[in-house]
*Asks:* 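Quick one: structure below, then a few questions.
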2 protein chains.
Amino acid sequence: MQGVETFLESKSIRVTAMRILIYNFLSDKDVAVTLSDIENAFDKADRTTLYRTIKTFEDKEIVHQIDDGTGVTKYALCEPNCHCDLETDLHLHFHCTECGATICLTDHKIPKIKVPKGFVAEHVNLVVKGTCDKCNCD
Amino acid sequence: MQGVETFLESKSIRVTAMRILIYNFLSDKDVAVTLSDIENAFDKADRTTLYRTIKTFEDKEIVHQIDDGTGVTKYALCEPNCHCDLETDLHLHFHCTECGATICLTDHKIPKIKVPKGFVAEHVNLVVKGTCDKCNCD
DNA sequence: TATATCCATGCAATGGAAGTGCATTAATCG
DNA sequence: CGATTAATGCACTTCCATTGCATGGATATA
Ligand SMILES: [Mn+2]
Ligand SMILES: [Mn+2]
Ligand SMILES: [Zn+2]
Ligand SMILES: [Zn+2]
């Protein structure tokens, strides 16, 4: 993956070793990760750096936050050309209560949700909990 | 409301002054409340008691938890005959980013959500964020 | 009524996670 | 290279959720 550096540059942030490492770490995973996950993967780096790196990624729409209801926020890479837009980008998240995995179901966009008169919807969080495909195979 | 005591009894928990007070506090509100909200309303009582009271209520399906993404869990009374069941009881929650209120939209049940093959859905959390009717009147 | 039992309450302490201020180091640009 | 700006590291804080243990009150049973 030599394209990572150019990708980060395209997001107008400085390309540092740490950022490349964290980006690659995220792209290797097919599940959302917590800050602790990243922390465990990079013992030498300081928590704050990891924290601020992921926040920067969030600002620049490189990753998106996921609140799956476990109490710890998780993060996952955005799709290409994502702008975290309600209509086009926001998707369903699945949290497996057995293995704890939280997965982006990017194909499952958020359905149109009706809200009562007077209310204006700007953002939707849709999390389905249950058991994932891997856990159901056992 | 003199029926509160009988109601609590019907849930097979001991009827205490504190529990009646908290139940009434919740039923007076039309928005979900945090533990801190309850704490502020009952200065004399210990935080732990309030915490455990609400947990008991939760166990007995008297209240349900709401994770609106603000980081603090909120609670609201269940509807009569609620069993927090996915099909019949789970409903949409609205969080107003302006006034901070989180509201049960009990009329808005969770729509059928499709999940990929192999996944089994057991629970759904659906939170819409935006501005509420009151805030939109200003 | 006495007493044993169960549970609600209060107090103290813990742990996890998110976030911030400030000093230092590294990257960028002229 | 020197100056500027941003990234990193360290220390510290705050907030919320949760638990262990001691105590007091309610309930049940003899
Ligand atoms: Mn996602
Ligand atoms: Mn509700
Ligand atoms: Zn699983
Ligand atoms: Zn509002």
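Chain A is the first sequence line, chain B the second, and so forth, proteins listed ahead of strands; every chain is numbered from 1.
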*Asks:* On a heavy-atom basis, which atom in A:A41 and which in A:F25 lie closest, and how many Å separate them?
*Replies:* CB-CE1, 3.5 Å
*Asks:* So if I take every side-chain heavy atom of B:R52 and compare against C:dT20, D:dT18, D:dT19, which nucleotide ends up nearest?
*Replies:* D:dT19
*Asks:* Looking at A:D67 and B:K129, is there a salt bridge between them, counting it only when a charged N and a carboxylate O are closer than 4.0 Å?
*Replies:* no
*Asks:* List in chain and number order the residues that pass salt bridge (Lys or Arg N to Asp or Glu O under 4.0 Å) with A:K11, two or more places apart in sequence or in another chain; answer none if no residue qualifies.
*Replies:* none
*Asks:* Any chain of hydrophobic side-chain contacts (each under 4.5 Å) joining B:F119 to A:V31?
*Replies:*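 The answer is yes; both residues are in one hydrophobic cluster.
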*Asks:* What's the closest nucleotide to the B:A45 side chain, out of D:dC10, C:dT9, C:dG10?
*Replies:* C:dG10
*Asks:* Quick one: does A:R47 reach the base of C:dG16 with a side-chain donor-acceptor pair under 3.5 Å?
*Replies:* no
*Asks:* For A:K44, report the nucleic acid contact type (base, sugar-phosphate, nothing); a contact means any heavy atom under 4.0 Å.
*Replies:*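 Touches nothing.
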*Asks:* Where is the tightest heavy-atom contact between B:K74 and B:A32, given as atom of each residue plus distance?
*Replies:*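 Answer, listing the atom of B:K74 first, then B:A32: CB-CB, 3.8 Å.
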*Asks:* For a quick check of understanding: with a heavy-atom distance under 4.0 Å over all strands, which category does A:S36 fall into, base, sugar-phosphate or nothing?
*Replies:*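 The answer is sugar-phosphate, as A:S36 gets under 4.0 Å only of primed atoms, P, OP1 or OP2.
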*Asks:* D:dT8 phosphate, OP1 or OP2: any side-chain N/O from A:T53 under 4.0 angstrom?
*Replies:*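 For D:dT8, OP1 or OP2 has a side-chain N or O of A:T53 closer than 4.0 Å.
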*Asks:* With a 4.0 Å cut-off on heavy atoms, is A:T34 in touch with a base, just the backbone sugar-phosphate, or nothing at all?
*Replies:*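 Touches nothing.
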*Asks:* Do the side chains of A:D89 and A:E79 get nearer than 4.5 Å, heavy atoms only?
*Replies:*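 Counting from C-beta outward, A:E79 and A:D89 never come under 4.5 Å.
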*Asks:* Does one hydrophobic cluster hold both B:L92 and A:L86, with members joined at side-chain heavy-atom distances below 4.5 Å?
*Replies:*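 Same hydrophobic cluster.
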*Asks:* For the residue pair A:T34 / A:D37, report whether a side-chain donor-acceptor contact shorter than 3.5 Å exists.
*Replies:*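 Short answer, yes.
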*Asks:* Round to a whole Å and report the spacing from OH of A:Y51 to C1' of D:dA7.
*Replies:*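 Distance check: A:Y51 OH to D:dA7 C1' gives 16 Å.
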*Asks:* Side chain of B:T48, base of C:dC11: donor and acceptor closer than 3.5 Å?
*Replies:*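 Side chain to base: pair found, below 3.5 Å.
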*Asks:* Which listed nucleotide (D:dC16, D:dA7, C:dA18) is nearest to the side chain of B:V72?
*Replies:*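 Side chain of B:V72 sits closest to D:dC16.
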*Asks:* Which part of the nucleic acid, if any, lies within reach of A:T73 when heavy atoms closer than 4.0 Å are counted: base, sugar-phosphate only, or nothing?
*Replies:* sugar-phosphate
*Asks:* Please report the end-to-end axis angle for the helix from C:dT1-D:dA30 to C:dG30-D:dC1, five pairs per end, rounded to 10 degrees.
*Replies:*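 The value is 20°.
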*Asks:* Starting at the 5' end of nucleotides 24-30 of chain C, put B wherever the base has a protein heavy atom under 4.0 Å, S where only the sugar-phosphate does, and a dash everywhere else.
*Replies:* ---BS--
*Asks:* Give the minimum heavy-atom separation between B:R19 and B:F57, together with the two atoms involved.
*Replies:* O-CZ, 3.6 Å
